[in-house]
Each structure stands twice: as structure tokens, then as C-alpha cells.
Protein chains: 2
Amino acid sequence: MSKPTPFVDDYLAYLLARSSKLVSEQFHAQVKATGLNVNYWRILASLSDGDGLSLNQLNERVLFNQPTLSKLVARMESEGLLERIKGEKDKRSILIYITPQGRQLVNQLLAKAKWHEAEVLAKYSHAQQELLKDMLRQLISALEN
Amino acid sequence: MSKPTPFVDDYLAYLLARSSKLVSEQFHAQVKATGLNVNYWRILASLSDGDGLSLNQLNERVLFNQPTLSKLVARMESEGLLERIKGEKDKRSILIYITPQGRQLVNQLLAKAKWHEAEVLAKYSHAQQELLKDMLRQLISALEN
DNA sequence: CAAATATATATTCCATTTCATATATTATAA
DNA sequence: TTATAATATATGAAATGGAATATATATTTG
């Protein structure tokens with residue numbers, strides 16, 4: 001009788017957390033090497049293909065807490081990476097834009113990120129890569145309601 | 001011409017982080033409802049099918065930082081959930097065991113966790129579930145070296 | 001074997017995150 | 001309309017997490 005599979009190795013939440021952490025950590029080392037805060041990278045990447053999101057909308061993507069994101073965005077503005085503009089239609093909201101400086105930074109990192117992803121996925125066929133991503137996308141949209 | 005897929009929605013690290021967070025968060029709400037710290041749950045679950053791990057070994061599973069885990073384990077011991085025993089063979093090491101009280105707690109949560117996972121995966125066939133998990137396990141072992 | 005190096009865990013100090021709540025604005029109801 | 005509730009973001013005190021380092025024990029080297 002061989003040992004049963006340990007709980008965590010068959011537990012989806014654990015497999016996701018572990019693979020997520022392993023994949024991210026490798027790349028985050030590269031981000032840190034450029035001197036950038038990892039959270040800044042996540043925020044810039046989330047804004048990279050369409051800024052002008054409100055804080056809440058951005059938060060739905062980056063999945064921080066609202067106060068955490070609020071403070072990060074304020075810091076990033078003070079460092080010249082983002083700009084915050086009060087909403088015209090709804091004056092409670094703050095719309096967030098990438099500055100040229102932030103854009104330059106994120107563009108460099110996007111290229112590195114794609115390169116890193118290619119490395120991670122090198123052993124998989126294109127079909128397999130898409131299968132994995134599709135399953136994750138399905139999971140996400142199911143959980144978002 | 002339709003919009004291209006946003007970067008993040010095609011980026012593996014993001015898909016993993018997002019799905020991980022969404023899956024975990026749902027269950028963590030249940031954990032918190034029982035009054036337990038989420039990190040405690042992660043530690044107990046990691047020990048659930050074989051305790052007596054050293055701090056380092058445990059850390060390889062839970063993927064915290066060593067000082068963070070060290071502090072958490074100390075707190076959990078003071079709250080009666082774990083026991084720390086100095087290694088016989090290597091006296092630098094600390095072996096970590098679940099107390100009966102900790103065991104009772106984790107057993108309840110393991111049952112809930114499995115139930116929650118079943119819900120999350122309900123829409124997938126058994127074969128698909130295994131496919132997803134296998135791909136994640138492969139990814140993990142490739143990244144661990 | 002003694003000295004030097006490596007390893008396992010703990011601790012300290014500081015930056016960041018979180019919880020609860022405040023403020024400002026908008027939407028709804030009476 | 002005015003009062004009430006809801007929503008978006010900000011803020012402050014307290015808890016948490018991380019980087020650097022300390023301590024204790026083991027291993028290696030000359």
C-alpha cells in the first residue's frame with residue numbers, strides 16, 4: 001500500500017497558489033532588479049492596455065484591497081508614474097492614467113514578461129498552452145459571476 | 001477590427017494569480033467565519049497529512065518567508081494548535097507537530113475545503129478536473145527544479 | 001582537532017497592509 | 001425637495017510582513 005496523495009497536492013486552491021507563486025516569483029526577481037516595486041509592476045501592467053480606469057475598476061483587476069491600492073496609486077503619482085484625475089461625470093471617482101514615464105517603464109517590462117512566459121511554457125505545445133489558459137480563464141469568469 | 005486581447009488576460013502569471021485569489025478568497029471567507037486566521041489554516045492544512053516537518057520543510061510547502069513562518073508557528077504554539085520539538089538528530093532544527101486541538105480544527109476545515117472545491121469544479125468533468133490539476137502539478141514541478 | 005564556513009531558526013526594526021472609519025458625492029425615497 | 005441610503009475614495013491606528021542580522025549547532029577544511 002503506497003501513501004495516499006497528500007491533501008494539498010490534490011487541492012486545487014493549493015495547486016493554484018503554489019504555481020502562481022512560483023511563476024510570479026521568478027519574474028518578480030527581474031522586476032526588482034530594475035528597481036521597481038512589484039506592486040507597481042502589477043498596477044502598470046493592468047493599466048497597460050487601457051488606462052483611465054477608476055480606482056475601483058483597477059482594483060477589480062489587480063485584486064488588492066481598496067485602501068492598499070489607494071495608497072499605492074498615490075505614491076505612484078508622487079513618483080511620476082501615474083496621474084489621477086477626478087471623474088467628470090461622477091466626481092467621487094478618480095480616473096487613473098499612465099504618464100509617459102510610467103509608460104516607458106511598463107513597456108520594457110511587458111517585453112520581459114512575455115519573454116519570461118515563453119520560457120516557462122517552452123515545454124508545452126501551443127495547443128497545451130492555450131488549453132491551460134482557457135481553463136484558467138473559464139475558472140475566473142465562473143468565479144467572478 | 002475588434003480590440004486585441006488585453007495583455008493581462010493572456011498572461012499566464014496573471015491568470016494564475018487571479019484564479020488563485022478568486023478560488024482562495026471564497027474559501028477564506030469560510031475560514032474566517034470559524035474565527036481562524038487564514039495563514040493558520042494554510043499551515044495546518046500543509047501539516048495535515050504528515051506533521052513532524054522542520055520549519056524549513058514546512059516552509060517549502062506553504063511558501064511564506066522563513067521569519068514569517070517562524071513567527072506564525074510560535075504564535076500557533078502559544079495558542080495550543082501546534083507543538084515545536086527540538087530535533088534530536090540536528091539540534092538546530094525545530095520539528096512541528098499538530099496538537100489534538102489543532103487536529104480537530106483542521107479536520108473540520110479539510111472537510112469544508114473539499115466541499116468548496118467540489119463546488120468550484122462542479123461544472124467540469126472528472127477528466128477535465130484531473131487535466132487541469134495535472135497541468136498545474138507539471139508546472140510546479142518544472143519550476144521547482 | 002581548531003578554525004572557518006554553512007545551515008536552521010529567531011529576532012529586531014522598519015515599511016507596508018489591513019480594519020475601521022471618515023469624507024465627498026450621488027442615488028433613492030418620502 | 002429634503003432626508004436617507006448607497007457608493008467611491010481617503011485616512012489613521014494597529015497589525016502584519018520582510019530585509020537584515022543574530023544565535024546556535026553542524027559540517028568542512030587545513
Side-chain angles (χ1 to χ4, degrees), chain A residues 17 20-22 24-44 46-47 51-79 81-97, chain B residues 17 20-21 24-25 28-29 31-33 35-43 46-47 51-79 81-97:
Chain A
S20 171
K21 181 131 187 180
L22 288 169
S24 298
E25 232 161 36
Q26 284 196 344
F27 183 62
H28 288 173
Q30 293 186 45
V31 174
K32 283 180 196 161
T34 74
L36 194 74
N37 182 309
V38 166
N39 287 337
Y40 286 16
W41 150 245
R42 299 229 274 162
I43 289 169
L44 289 172
S46 294
L47 289 168
D51 55 0
L53 299 179
S54 74
L55 201 94
N56 264 353
Q57 291 172 323
L58 177 57
N59 199 44
E60 275 170 36
R61 293 200 169 201
V62 294
L63 294 172
F64 294 144
N65 299 39
Q66 181 266 316
T68 302
L69 182 62
S70 191
K71 286 167 197 170
L72 281 167
V73 166
R75 271 209 284 154
M76 291 174 77
E77 180 176 49
S78 78
E79 293 174 25
L81 301 173
L82 297 180
E83 196 174 359
R84 294 188 297 174
I85 296 181
K86 184 170 272 189
E88 286 255 307
K89 190 166 179 181
D90 184 340
K91 284 172 187 162
R92 291 169 301 184
S93 70
I94 293 285
L95 306 184
I96 300 161
Y97 293 88
Chain B
S20 171
K21 183 130 185 179
S24 297
E25 231 161 37
H28 287 173
V31 175
K32 284 180 196 161
L36 193 74
N37 181 311
V38 165
N39 287 337
Y40 286 15
W41 150 245
R42 300 229 273 162
I43 289 169
S46 295
L47 290 168
D51 55 1
L53 299 178
S54 74
L55 203 92
N56 264 352
Q57 291 172 322
L58 178 57
N59 199 44
E60 275 170 36
R61 292 200 169 201
V62 294
L63 295 172
F64 293 144
N65 301 42
Q66 181 267 315
T68 301
L69 183 61
S70 191
K71 289 170 207 168
L72 281 168
V73 166
R75 269 210 285 153
M76 289 174 77
E77 181 176 49
S78 77
E79 295 174 23
L81 301 173
L82 297 180
E83 196 173 1
R84 294 187 298 174
I85 295 180
K86 184 170 271 189
E88 287 255 307
K89 191 166 181 180
D90 184 339
K91 284 173 188 160
R92 292 169 301 181
S93 70
I94 292 285
L95 306 183
I96 300 162
Y97 294 87

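The structure presented is a predicted model; accordingly, all values stated were derived computationally and were not measured. All heavy atoms count here, side chains included; hydrogens, waters and symmetry mates do not. Each chain gets a letter, A, B and so on, in the order its sequence line appears, and its residues count up from 1.
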Practice prompt. Go through D/dA26, C/dT17, D/dG17 for me and flag the one nearest to the B/D90 side chain.
Written response: D/dA26
Discussion item. Rounding to 10°, can you tell me the angle the first-five-pair axis of the helix from C/dC1-D/dG30 to C/dA30-D/dT1 makes with its last-five-pair axis?
Written reply: 20°
Practice prompt. Mind checking the CG-CE spacing from B/L82 to B/M76? Nearest 0.5 Å is all I need.
Written response: 4.0 Å
Item to complete: Starting from P on D/dG17, measure out to NZ on A/K21 and report it in whole angstrom.
Response: 11 Å
Discussion item. Tell me the interatomic distance from B/I85, atom CD1, to C/dT9, atom C1', rounded to whole angstroms.
Written reply: 16 Å
Worksheet entry | Whole-Å gap separating C1' (C/dT18) and CD (B/E25) | 13 Å
Item to complete: Check the distance between C/dT18's C1' and A/L69's CG and give it to me in whole angstrom.
Response: 14 Å
Pairwise N/O distances under 3.5 Å, protein to nucleotides 2-7 of chain D:
residue: D/dT7; atom: O2; partner: A/R92; partner atom: NH1; Å: 2.7

Item to complete: For A/F27, check ring-ring contact (aromatic ring centres under 6.0 Å, His included) against everything at least two apart and list the hits.
Response: A/W41, A/H116
Worksheet, complete the sentence: From NZ of A/K86 across to P of C/dT23 the rounded distance in Å is 15 Å
Worksheet item: Can you tell me how far C1' of D/dT25 sits from CG of B/L55, to the nearest Å?
Response: 16 Å
Worksheet item: Donor-acceptor pair under 3.5 Å: do we get one between A/K71's side chain and the base of C/dT18?
Response: yes
Practice prompt. Just jot down the salt bridge (charged side-chain N to carboxylate O under 4.0 Å, His left out) partners of B/R61, sequence neighbours excluded, or say none.
Written response: B/D49
Worksheet item: Of A/E88 and A/N39, whose nearest nucleotide on DNA chain C comes first from the 5' end?
Response: A/N39
Worksheet item: Residues in side-chain contact (heavy atoms from CB on, under 4.5 Å) with A/L69, at least two apart?
Response: A/I43, A/L55, A/L58, A/N59, A/V62, A/F64, A/V73
Worksheet item: Is there a donor-acceptor pair under 3.5 Å between the side chain of A/S70 and the backbone N or O of A/Q66?
Response: no
Worksheet item: B/Q57: what forms a side-chain contact (heavy atoms from CB on, under 4.5 Å) with it, not counting sequence neighbours?
Response: B/L53, B/S54
Discussion item. Let's see if you get this right: which residues in residues 27-37 of chain A place a heavy atom under 4.0 Å from DNA chain D?
Written reply: none
Worksheet, complete the sentence: For residues 81-91 of chain B, the side-chain hydrogen bond (donor to acceptor under 3.5 Å, both in side chains) pairs (sequence neighbours left out) are B/E77-B/R84, B/D90-B/R92
Response to the item:
Whole-Å distance, B/M76 CE to C/dT9 P, equals 16 Å
Worksheet item: Just how far, in rounded Å, is P of C/dT7 from NZ of B/K89?
Response: 17 Å
Worksheet item: Going by heavy atoms in the side chains, are B/K32 and B/N37 under 4.5 Å from each other?
Response: no
Item to complete: Strictly below 4.0 Å, heavy-atom distances to any atom of DNA chain C: list the hits from residues 59-68 of chain B, or just say none.
Response: B/Q66, B/P67
Item to complete: Under the side chain to side chain donor-acceptor pair (under 3.5 Å) rule, collect the residues that match up with B/E79, sequence neighbours excluded.
Response: B/Y40
Fill in: Minimum-distance nucleotide to B/I94 side chain [options: D/dA8, C/dT17, C/dA10]
C/dA10
